[in-house]
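Because only heavy atoms are used, hydrogens play no part in the values below, and waters and symmetry mates are left out as well, while side chains stay in.
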Amino acid sequence: MRYSRDLRGYGETTPDPQWPGGARIAVQIVLNYEEGGENSIEHGDAASEAFLSEIIGAQPWPGKRHWNMESIYDYGARSGFWRLHRMLRDIPVTVYGVATALERSPEQVAAMKAAGWEIATHGLKWIDYRDIPREVEAQHIAQAVELHTRVTGERPRGFYQGRCSMNTVALGCEEGGFEYLADTIADELPYWHVHNGKPQLMVPYTMDANDMRFSSGQGFGTGTDFFDYLRDSFDMLYAEGAAGAPKMMSIGLHCRLAGRPGRAMAVQRFLDHARSHEGVWFASRLDIARHWAEVHPFQPRQRPSEMSREDFVAKFGGIYEHSPFIAERVWDGEMGAVHDSAAGLAARMAQVFRSASDEERLGVLIAHPDLAGKLAQAKRLTADSTAEQASAGLDSLTDDERATFTRLNDAYVAKHGFPFIIAVRDHDKLGIMAAMQARIDNDTATERAEAERQVTRIGELRLKEALK
């Protein structure tokens, strides 16, 4: 089974985004423009809207219009948009514009364009796509791009469906004209997603630094709540950037929510806070996408989780000495992006090794050669074992050292029934000899456990070399 989700991402050390001017943080503000594109009987939908409004817990009214819901959305277009526009018109903002909403708001679109804002597509309609057939969603995306182009004068370069399905990202990739997709909340930096062998840049969005939480049962109650959360998010990311790991901060706004006076004040206070710091890059999502594509272009590489069984076993079958069954069982089990790193693949191989029968595990131990033994002298070690023993100087022993190793090896095997095993890359020659002398005196059960631990450590070190 191949696991589709990537739970590793960039891992412990994130890449340096090299933001323009050496900025410590990229601040990206999204203004969602959905008013006039929401569910409504007048829009040809089956029921009224029930999402992201002042009416917490609202339910759709099948076959009926909902005056209060419609007027809440009307407020966003009539008043909230203009308040936020006055506050943000000097900042590079990205608009997530629902195509049918943009079509019904020509003055607002003109203001967006006059401010130089990026207008990305937010789909054809502001509806839930989770149960929409794939082919219908694909048609809607194509219609959204066509309508968006007619309304704004240029095609959208970014796409965020929002109320998406499991098909949305794949369909966005297949559309072929988007410089970035935003239907992901998986990171604080852009990343490359591969679909059908082709790379697609993802610029993650946010649902936490987002005024949508004013419309949920557990969320922001006051503008102060919202400001505090935005400020703390900014301060954490700014500090990380100052320490050498810059990120992007996404902020999501909605005209009918953040456009209300008490909430708009929180937005203004945040802008003042962010502007009081040096090294802050306010950018549109398209700015960020184009910067990332230039500085961190897609680099194809062979991923273990995507290799054929034959190729995988050929490459990794020797990680556990002369025991390809470990690699075979790894490939036959669940694999995903987390196993494309040395640490992830080592952990899975160790798991498979520990799950093997007692006889199989003992077979792995017995397959290991003696350190500085006859196989080494005859140059019959595997390439990995040869390199490892050479790294600790075991390929250039004096006659006395070789005699000592031979004596210790013989005594160890006679007592425990398997060769002495140690991750030689973790030790030097004297340390290895001292460990041999100390471990001979262990009882066999203790030594068996230690030998197995060393086997997994050897696998980890070999994978670090193999996946450099």
Chi angles and distances behind the side-chain contact (heavy atoms from CB on, under 4.5 Å) call for Val330, Leu345
CA-CA 9 Å; Val330 168; Leu345 188 52; 4.0 Å; yes

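- When every heavy atom of Ala115 is checked against every heavy atom of His85, the shortest pair comes out as CB-NE2, 4.1 Å.
- Rounded to the nearest 0.5 angstrom, Tyr320 OH and Leu365 CG are separated by 11.0 Å.
- Checked for salt-bridge contact, Asp332 and Arg329 miss the test: no charged N lies under 4.0 Å from a carboxylate O.
- For the pair Arg348 and Phe353, the cation does not sit on the ring face, since its NZ or CZ is not both under 6.0 Å from the ring centre and inside 45° of the axis.
- Rounding to the nearest 0.5 Å gives a distance of 15.5 Å between CZ of Arg448 and CZ of Arg453.
- Side-chain N/O atoms of Ser105 and Glu35 include no donor and acceptor closer than 3.5 Å.
- Asp225 and Arg213 are not joined by a salt bridge, as no carboxylate oxygen comes within less than 4.0 angstrom of a charged side-chain nitrogen.
- The 12-atom threshold is exceeded at CE of Met307, counting heavy atoms of other residues, nucleotides or ligands nearer than 6.0 Å.
- A donor-acceptor pair shorter than 3.5 Å cannot be found between the side chains of Gln28 and Ser250.
- Rounding to the nearest 0.5 Å places OG of Ser233 at 13.0 Å from NZ of Lys247.
- Ring planes of Phe159 and Phe178: parallel class, angle under 30° (limits at 30 and 60°).
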Working note: Asp128 + Arg163, criterion salt bridge (Lys or Arg N to Asp or Glu O under 4.0 Å); need CA distance, chi angles, decisive distance, verdict.
CA-CA 5 Å; Asp128 192 340; Arg163 297 160 81 174; 5.1 Å; no

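- Between Glu118 and Arg157 there is no salt bridge, since none of the side-chain N atoms of the basic residue sits less than 4.0 Å from a carboxylate O of the acidic one.
- The CD atom of Gln143 lies 5.5 Å from the CG atom of Leu124; values are rounded to the nearest 0.5 Å.
- The distance from atom CZ of Phe418 to atom CD of Glu452, rounded to the nearest 0.5 Å, is 8.0 Å.
- Under the 30°/60° scheme for interplanar angles, the aromatic rings of Phe227 and His273 are found to stand perpendicular.
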Full working for salt bridge (Lys or Arg N to Asp or Glu O under 4.0 Å) between Glu146 and Arg155
CA-CA 7 Å; Glu146 191 275 333; Arg155 72 150 289 149; over 6 Å; no

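- A donor atom on one side chain and an acceptor atom on the other are found under 3.5 Å apart for His195 and Glu174.
- By the 4.0 Å N-to-carboxylate-O rule, Glu460 lies too far from Arg425 to be salt-bridged with it.
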Dump the intermediate steps for side-chain contact (heavy atoms from CB on, under 4.5 Å) on Tyr129 and Gln161, then the final yes or no.
CA-CA 9 Å; Tyr129 280 89; Gln161 188 84 283; 3.7 Å; yes

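- Checking side-chain atoms of His322 against main-chain N and O of Gly318 turns up no donor-acceptor pair under 3.5 Å.
- No side-chain donor from either of Thr168 and Asp183 sits under 3.5 Å from a side-chain acceptor of the other.
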Could you walk me through whether Arg462 and Glu465 pass salt bridge (Lys or Arg N to Asp or Glu O under 4.0 Å), step by step?
CA-CA 5 Å; Arg462 287 180 175 179; Glu465 288 294 315; over 6 Å; no

Go through the steps to decide whether Tyr33 and Val109 satisfy the test side-chain contact (heavy atoms from CB on, under 4.5 Å), and finish with yes or no.
CA-CA 10 Å; Tyr33 197 86; Val109 170; over 6 Å; no

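- No side-chain donor-acceptor contact under 3.5 Å links Tyr160 and Thr94.
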Test log, rule side chain to side chain donor-acceptor pair (under 3.5 Å), inputs Arg231 and Tyr229
CA-CA 5 Å; Arg231 179 201 59 212; Tyr229 193 84; over 6 Å; no

Show your working on salt bridge (Lys or Arg N to Asp or Glu O under 4.0 Å) between Arg269 and Asp272 and close with a plain yes or no.
CA-CA 5 Å; Arg269 290 171 64 194; Asp272 294 341; over 6 Å; no

Going through the checks in order, is the side-chain contact (heavy atoms from CB on, under 4.5 Å) test met by Ile25 and Phe234?
CA-CA 8 Å; Ile25 186 173; Phe234 175 91; 3.8 Å; yes

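- Met112 CE to Leu31 CG: the interatomic distance, rounded to the nearest 0.5 Å, is 6.5 Å.
- Geometrically, Arg301 does not engage Trp192 in a cation-pi contact defined by less than 6.0 Å to the ring centre and at most 45° from the axis.
- For the residue pair Glu103/Thr100, the side-chain donor-acceptor check at 3.5 Å is not satisfied.
- Judged by distance alone, the side chains of Arg285 and Tyr96 do bring a donor and an acceptor atom under 3.5 Å apart.
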Show your reasoning for whether side chain to side chain donor-acceptor pair (under 3.5 Å) applies to Glu135 and Gln139.
CA-CA 6 Å; Glu135 61 275 14; Gln139 183 181 39; over 6 Å; no

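- Salt bridge Glu34/Arg256: present, at least one basic N to carboxylate O contact under 4.0 Å.
- Seen from the ring of Phe226, Arg263 does not count as a face-on cation partner, given the 6.0 Å and 45° thresholds.
- Under 3.5 Å, the side chains of Glu306 and Gln302 contain no donor-acceptor pair of N or O atoms.
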